[in-house]
Protein chains: 2
Amino acid sequence: MLAEERQQRINEHLREKEFCTLKELSDMLKVSVSTVRRDINFLKSTGILRRTHGGARLSEQVEIEGSHPLVPNATVRSELKECIARYCASLIEPGQTVIMDGGSTVFSVARHLVPKHPIVITNSLPISNLYSTYRQVEVHVTGGVVYPRLGVLTGPNAVEGFSKIHADVAIMGAGGLDVQDGVTNTHALLIDMQLAMIRAARKVIFCMDSTKLGAKSLFFLCSADQVQTLVTNDDANPAIVAALRKKGVDVHLVSC
Amino acid sequence: MLAEERQQRINEHLREKEFCTLKELSDMLKVSVSTVRRDINFLKSTGILRRTHGGARLSEQVEIEGSHPLVPNATVRSELKECIARYCASLIEPGQTVIMDGGSTVFSVARHLVPKHPIVITNSLPISNLYSTYRQVEVHVTGGVVYPRLGVLTGPNAVEGFSKIHADVAIMGAGGLDVQDGVTNTHALLIDMQLAMIRAARKVIFCMDSTKLGAKSLFFLCSADQVQTLVTNDDANPAIVAALRKKGVDVHLVSC
DNA sequence: GAAGAATTTGGAATTATTTGCAAGAAAAAA
DNA sequence: TTTTTTCTTGCAAATAATTCCAAATTCTTC
């Protein structure tokens, strides 16, 4: 294998895992730790990663490039989000066509989805950007106007983009899910978009951390019984979970 | 087998695999490693690939700032590019509708364009991403399939996105501009795109550093006399500049 | 078509680079 | 502290690049 190919695979691996040890890379690439160390040092000099003892960590800059508005969120509950994301990715079959929403949780899912070689349809710039270095993932981007803070494409073009397609799965986020008031979101512009996504997908998976259960945002998206699958943490309020299940929602509780 | 046929097969092979070793090609083409090396060196001079130790790598012609950190390319001529970009931005009136191509030079222009509060239409993910934090810039993104490595949206959706609009200016890059052979670019998929952009814009500005004057890439875009405005460095070959001006091109020479 | 020139090809010798290994230094962990 | 792990450094083997040359091929020219 060529040196540069190795370095690219290290880069890709890091983008998925965020952190990894030299031994891990050495095993993966079937080269000595010395060689990995040299590669890592080179990559460090380019600025894409930061060295740690025994390993390397994706440098924040690159993260920001891929997900700028989503970063500040990556604080307290980020571990939990990662667990949800990992689990949610495991629900996807290799090669499936997947619609992906904007939003930080869905973005995390995106990172874990690379090995499944999916065909992705998205209106999220961060997700498009994340995948733009991978050849394994085919990404279709809807057109539309950039909604500044969220990095999401909106408007009639974007909605139209989803009206022409059929996907296996849609992975969605939302601002809140209440048994009475259903799924709600924070931005009116996103609602049309998400409705179009739901219509285009055979199966819809909502990913949200447990703090969003029982919460309400400003704008109504759909009622609770229209949610097919929900992935959340296992510290979710049991009463809400029970009520949702009674409404026919397939609730997956993820433990970390 | 003819040399040219060999080189084309190397090109095709690389487009699939992105990387390959000389031995791999030598086996595939049933010629000696020496010959493969010569072919590779020739292809390198045309710019379609980059050499690495033991092999070759498909060159990411239009390097995306930040997105592909493995390319230390953005060093030598980057100052010159900045000058071109700054000047090119000065040609834009505040509030104009601007179509922006993918490509590193155009990306640099994008950075300088923020104070003009333009309305931007683009198929470039890096540019979309750049502006997604600014509220001053309204960005319309065409839909399409992400072309890996370039971060550009391609395909019929993308072309269609430009067919419906009219813009004041299009800012374009290209792989080469030759007096005889006109404007050429490295990727066939980009050609349709760029043609649609040119059609949609009242005025077309090509930005390219002087090394691209007289250069030829694989795919034909348009003839030299169809270029309205060209912005390049003042170290451009005077003979070429004169010939272009004779053909009616408005050549702007930028000194740093 | 044939002789000669020009080009292309494959290979050998030399030089340069990369890789893996090992011993001592440095840093984390126990 | 000691023990373990990781890092650095120097070195030798493996691998690749460069240069040069001869054989093979193609192109001119008569």
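A quick note: this is a predicted structure, and the numbers were derived from the prediction, not measured. By convention in this document, chain letters (A, B, ...) are assigned in the order of the sequence lines, proteins followed by strands, and residues within each chain are numbered from 1.
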**OP:** Indicate whether OP1 or OP2 belonging to D:dA17 is found under 4.0 Å from a side-chain N or O atom of B:Arg51.
**Re:** yes
Original post:
A:Ile40 has an atom CD1; how far is it from atom P of D:dT8, in whole Å?
Top reply: 12 Å
**OP:** Nearest whole angstrom, please: distance from the P of C:dT9 to the NZ of B:Lys30.
**Re:** 17 Å
Original post:
Is there a side-chain polar atom (N or O) of A:His53 under 4.0 Å from OP1 or OP2 of D:dT6?
Top reply: no
Subject >> Length of the CZ-P vector between B:Arg57 and D:dA16, whole Å >> reply: 19 Å
**OP:** Would you indicate which nucleotide in D:dT8, D:dA17, C:dG10 comes nearest to any side-chain atom of B:Val31?
**Re:** C:dG10
Original post:
For B:Asn185 and B:Gly173, which heavy atoms make the closest approach, and how far apart are they?
Top reply: ND2-O, 4.0 Å
Original post:
NA contact type, B:Thr52, heavy-atom cut-off 4.0 Å: base, sugar-phosphate, or nothing?
Top reply: sugar-phosphate
Subject >> Atom-pair distance (CZ on B:Arg6; C1' on C:dT7), nearest Å >> reply: 12 Å
**OP:** Compare the minimum distances between each of C:dG10, D:dT18, C:dG20 and the side chain of A:Thr35, then state the nucleotide with the smallest one.
**Re:** C:dG20
Original post:
Which of the following nucleotides, C:dG20, D:dC7, D:dT18, is nearest to the side chain of B:Asn41?
Top reply: D:dT18
**OP:** Tell me what B:Val33 touches on the nucleic acid: a base, only sugar-phosphate, or nothing, going by heavy atoms under 4.0 Å.
**Re:** nothing
Subject >> Rounded distance (Å) that lies between atom P of D:dT15 and atom CG of A:Leu2 >> reply: 14 Å
Subject >> Closest to side chain of B:Leu22, choosing from D:dA17, D:dC7, D:dT18 >> reply: D:dA17
Original post:
Has B:Arg37 got a side-chain N or O lying under 4.0 Å from the OP1 or OP2 atom of D:dT18?
Top reply: no
**OP:** Flag yes if more than 12 heavy atoms outside B:Gln8 fall under 6.0 Å of its CD atom; otherwise flag no.
**Re:** no
Subject >> Aromatic ring proximity A:Tyr87/A:His252, centre distance under 6.0 Å >> reply: yes
**OP:** Please determine, for the side chain of A:Ser34, which listed nucleotide (D:dT6, D:dA16, C:dA22) has the closest atom?
**Re:** C:dA22
Original post:
CG of A:Asp39 versus P of C:dT19: gap in Å, rounded?
Top reply: 7 Å
Original post:
Between atom NZ in B:Lys44 and atom P in D:dA16, what is the gap in whole Å?
Top reply: 18 Å
Original post:
Between D:dT8, C:dT9, C:dC21, which one does the side chain of B:Arg38 approach most closely?
Top reply: C:dT9
Original post:
What integer distance in Å separates A:Glu4:CD from D:dA16:C1'?
Top reply: 15 Å
**OP:** Inspect the contact between A:Glu18 and A:Arg57 and indicate whether a charged nitrogen and a carboxylate oxygen are less than 4.0 angstrom apart.
**Re:** no
Original post:
Can you tell me if A:His117 and A:Glu138 form a side-chain donor-acceptor pair at under 3.5 Å?
Top reply: no
